[in-house]
K.L.:
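Handing you this structure, nothing more for now.
The structure displayed is predicted, hence computed values, not measured ones. Each chain gets a letter, A, B and so on, in the order its sequence line appears, and its residues count up from 1.
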There are 2 protein chains.
Amino acid sequence: MPADADAPSTRPRPKRRDAALNNDRLIEAAREVFARRGLSATLEDIAAHAGVGVGTIYRNFASKRQIIETLYDAAIDSALADVQTALEIDDPWLAIVTFFEVTAANQARDRGLGECLLGDDAVGPNEHTAWRLVATLTPLFERATKAGVLREGVTTTDVWPIFAMLNSVYGLSDAAPDLWRRYLALLLDGLRATDRPPLPEPALDVDSFTATFSAVD
Amino acid sequence: MPADADAPSTRPRPKRRDAALNNDRLIEAAREVFARRGLSATLEDIAAHAGVGVGTIYRNFASKRQIIETLYDAAIDSALADVQTALEIDDPWLAIVTFFEVTAANQARDRGLGECLLGDDAVGPNEHTAWRLVATLTPLFERATKAGVLREGVTTTDVWPIFAMLNSVYGLSDAAPDLWRRYLALLLDGLRATDRPPLPEPALDVDSFTATFSAVD
DNA sequence: GTCGTACCGGAATCATCAATTCCGATTACC
DNA sequence: GGTAATCGGAATTGATGATTCCGGTACGAC
């Protein structure tokens, strides 16, 4: 529609090759550093990892927050996709197990991802997104409940406290990077339907849930 | 025994009454604030809660660290005592359950306590104390293992990752202060002996354990 | 009551840490 | 070779929180 799509005065000049390279390096470095050390990693860390100066970061991103948004914008969609993948598994219980194992593995591999999903006041899902997450998970859990393989009273809002718990064991020991699988197994055994008594406390209702796990924006 | 118990030159003057009162108030306020907000609570918080100025804190304690030590020195001994209490319960499995419920309840009530037990680089058990904790827990777990009520491969070093996980749910929602009981129940079901497959990862060995959960001093 | 001093409040200081800005030096591209 | 885009990284800014300091305040001896 613009009459002067390539008017000489507004045509953006192509980037210098080294600048473009640095941009790529920075994104990759940010991804690695946030994955290893979480979102509290410093820009200096990231710059050093990319082999550039901090100033270069600001020629590519307006702020630290924007880097995080650039990297993790797709994170929530990707988590939603994990739910869809799990739903394609026929066995309702195996689907639950797979969902937790896949998402936990992702969060173990990328500490920043977990911090984005759990919310941190600064980053994290907003209220609307939190709702969407719950809504997407509901079929997975309802199917398992109907099939009688999920412990009575277990609901979608249990997912976040479980994520939070696992989050605290991901980096515990460098000597045992997969230790989290041990404790996920414990939790999954508790989630499975058994003849044991019901759980002692009700799950969070959806309002408390969104209040707890939403960033303030 | 001292020959000069009240020699005039060295007799400490009695404190002014208001000063003594402030000291009591401060200890109480520190206890409450650390319990509610954890050890990262500020001295200003504590002073305000006690109704005094920050300066007054420094007339009673040399540093924030010293306050923490004063309040939580007995914490580890008290945790050890909880193990003894649990050992007095006849049923080996009930003893395990009781141990976790009592210690978790204490940590839910007092966030500072949990932070002391888990270690934080700055505060927490030193290496020797970590050993002592493991040693004390061993009879409790060995007895349960011998009785066949504890899942195969569960060991004393599992206690700290579990504490760490629970620690992340204690304060989740003000609307549900006892929510942690729900997730402790899940974990305990996983710890109990069943005919299910063994846990996927070995527990931390004692060396990794002490490395992970000791303050650097 | 009043005086001396132990004690007080809380503003000011110090320290740390990390995001962001700035500018002289460098380098890709013509 | 010229020059403007780009760079590195030191300096700046801002926030936060422990610790210090000092002009008052008020306890309690007289």
Side-chain angles (χ1 to χ4, degrees), chain A residues 8-30 33-34 36-72 111-112 115 120-123 216, chain B residues 8-30 33-34 36-72 111-112 115 120-123 216:
Chain A
S9 62
T10 55
R11 171 116 43 91
R13 296 169 210 79
K15 268 194 159 166
R16 256 167 57 171
R17 183 142 346 133
D18 57 342
L21 179 62
N22 278 339
N23 186 293
D24 294 347
R25 273 186 188 154
L26 269 175
I27 289 180
E28 187 54 24
V33 171
F34 282 146
R36 189 176 322 283
R37 305 212 225 288
L39 301 182
S40 64
T42 69
L43 297 187
E44 202 141 1
D45 275 347
I46 294 172
H49 201 72
V52 304
V54 273
T56 301
I57 291 182
Y58 284 89
R59 237 158 281 109
N60 289 276
F61 302 96
S63 66
K64 180 179 182 177
R65 176 158 196 163
Q66 203 199 58
I67 305 175
I68 294 173
E69 280 167 5
T70 302
L71 292 183
Y72 291 107
R111 314 277 277 106
E115 287 172 30
D120 198 342
D121 284 356
V123 295
V216 286
Chain B
S9 62
T10 56
R11 170 118 44 92
R13 295 170 211 77
K15 268 192 161 171
R16 255 167 59 173
R17 185 145 342 139
D18 57 342
L21 179 63
N22 278 338
N23 186 292
D24 294 348
R25 271 185 188 153
L26 269 174
I27 289 180
E28 188 53 25
V33 172
F34 281 146
R36 189 175 322 281
R37 306 212 225 289
L39 300 182
S40 65
T42 69
L43 296 188
E44 203 141 0
D45 274 347
I46 293 172
H49 201 71
V52 304
V54 273
T56 302
I57 291 183
Y58 284 89
R59 239 158 281 110
N60 289 275
F61 302 94
S63 67
K64 180 178 183 178
R65 176 157 197 167
Q66 202 198 58
I67 306 175
I68 294 173
E69 280 168 5
T70 301
L71 292 184
Y72 291 105
R111 314 277 276 106
E115 287 172 29
D120 197 339
D121 283 356
V123 296
V216 285

K.L.:
Once you round it to whole Å, what is the distance between P of C:dC8 and CG of B:Leu26?
P.N.:
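My rounded result for the distance is 9 Å.
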
K.L.:
Set out, line by line, the N/O atom pairs under 3.5 Å between protein and nucleotides 12-15 of chain D.
P.N.:
none

K.L.:
Between A:Thr56 and B:Ser63, which residue's closest nucleotide on DNA chain D lies nearer the 5′ terminus?
P.N.:
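Nearest-nucleotide comparison on DNA chain D picks A:Thr56.
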
K.L.:
Send over the distance from A:Gln66 CD to C:dA19 C1', rounded to a whole Å.
P.N.:
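So the two atoms are 14 Å apart, to the nearest Å.
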
K.L.:
For the atom pair CG (B:Leu21) and CZ (B:Arg25), what is the distance rounded to the nearest 0.5 Å?
P.N.:
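It is 4.5 Å, given to the nearest 0.5 Å.
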
K.L.:
Which nucleotide, D:dC7, C:dT20, C:dG9, lies nearest any side-chain atom of A:Asn22?
P.N.:
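For A:Asn22, the side-chain atoms sit closest to D:dC7.
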
K.L.:
Identify the pairs formed between an N or O of the protein and an N or O of nucleotides 26-30 of chain D at a distance under 3.5 Å, and give each distance.
P.N.:
{"residue": "D:dG28", "atom": "OP1", "partner": "B:Arg17", "partner atom": "N", "Å": "2.8"}

K.L.:
Just wondering, do A:Phe61 and A:Ile27 contact through their side chains at under 4.5 Å, heavy atoms?
P.N.:
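Yes. Closest side-chain heavy atoms under 4.5 Å.
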
K.L.:
Which distance, rounded to the nearest 0.5 Å, do you find between the CD of A:Gln66 and the CG of A:Leu71?
P.N.:
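Nearest 0.5 Å value for the CD-CG distance: 10.5 Å.
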
K.L.:
Please determine whether side chain to side chain contact (heavy atoms under 4.5 Å, CB included) holds for the pair B:Ile67 and B:Phe34, giving the CA-CA distance in whole Å, both sets of side-chain angles, and the decisive distance to 0.1 Å.
P.N.:
CA-CA 10 Å; B:Ile67 306 175; B:Phe34 281 146; 4.1 Å; yes

K.L.:
Give every donor-acceptor pair under 3.5 Å between a side-chain atom in residues 36-47 of chain A and any protein atom, sequence neighbours left out.
P.N.:
{"residue": "A:Thr42", "atom": "OG1", "partner": "A:Glu44", "partner atom": "N", "Å": "3.4"}
{"residue": "A:Thr42", "atom": "OG1", "partner": "A:Asp45", "partner atom": "N", "Å": "3.1"}

K.L.:
Using whole Å, what does the distance between atom C1' of nucleotide C:dT20 and atom CD1 of A:Ile67 come to?
P.N.:
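About 11 Å, once rounded to whole Å.
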
K.L.:
Are there any protein N/O atoms within less than 3.5 Å of an N/O atom in nucleotides 21-24 of chain D, and if so, which ones and at what distance?
P.N.:
none

K.L.:
Between A:Lys64 and B:Gly51, name the one whose nearest nucleotide on DNA chain C is closer to the 5' end.
P.N.:
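Looking at DNA chain C, the more 5' nearest nucleotide goes with B:Gly51.
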
K.L.:
Which nucleotide in the set D:dT19, C:dA19, C:dC7 lies at the smallest distance from any side-chain heavy atom of B:Ala19?
P.N.:
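Nearest to the side chain of B:Ala19 among the choices is C:dC7.
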
K.L.:
Which of residues 37-45 of chain A have a heavy atom under 4.0 Å from DNA chain C?
P.N.:
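A:Ala41, A:Thr42, A:Leu43 - these, ordered by number, are the residues of the stretch whose heavy atoms sit under 4.0 Å from the strand.
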
K.L.:
If you look at every heavy atom in B:Val123 and B:Glu115, which pair is closest and at what distance?
P.N.:
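Minimum heavy-atom contact is CG2-O, 4.2 Å.
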
K.L.:
Can you measure A:Leu21 atom CG to C:dC29 atom C1' for me and round it to whole angstrom units?
P.N.:
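Nearest whole value for this atom pair: 16 Å.
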
K.L.:
Taking atom OG1 of B:Thr70 and atom CG of B:Leu26, what is their separation to the nearest 0.5 Å?
P.N.:
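Rounded to the nearest 0.5 Å, the OG1-CG separation comes out at 11.5 Å.
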
K.L.:
Enumerate the residue pairs fulfilling salt bridge (Lys or Arg N to Asp or Glu O under 4.0 Å) with a member in residues 53-64 of chain B, sequence neighbours excluded, ordered by first and then second residue.
P.N.:
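Of all non-adjacent pairs touching residues 53-64 of chain B, none passes salt bridge (Lys or Arg N to Asp or Glu O under 4.0 Å).
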
K.L.:
Measure CZ/A:Arg65 against P/C:dA19 and give the value in whole Å, please.
P.N.:
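Rounding to the nearest Å, CZ of A:Arg65 and P of C:dA19 are 14 Å apart.
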
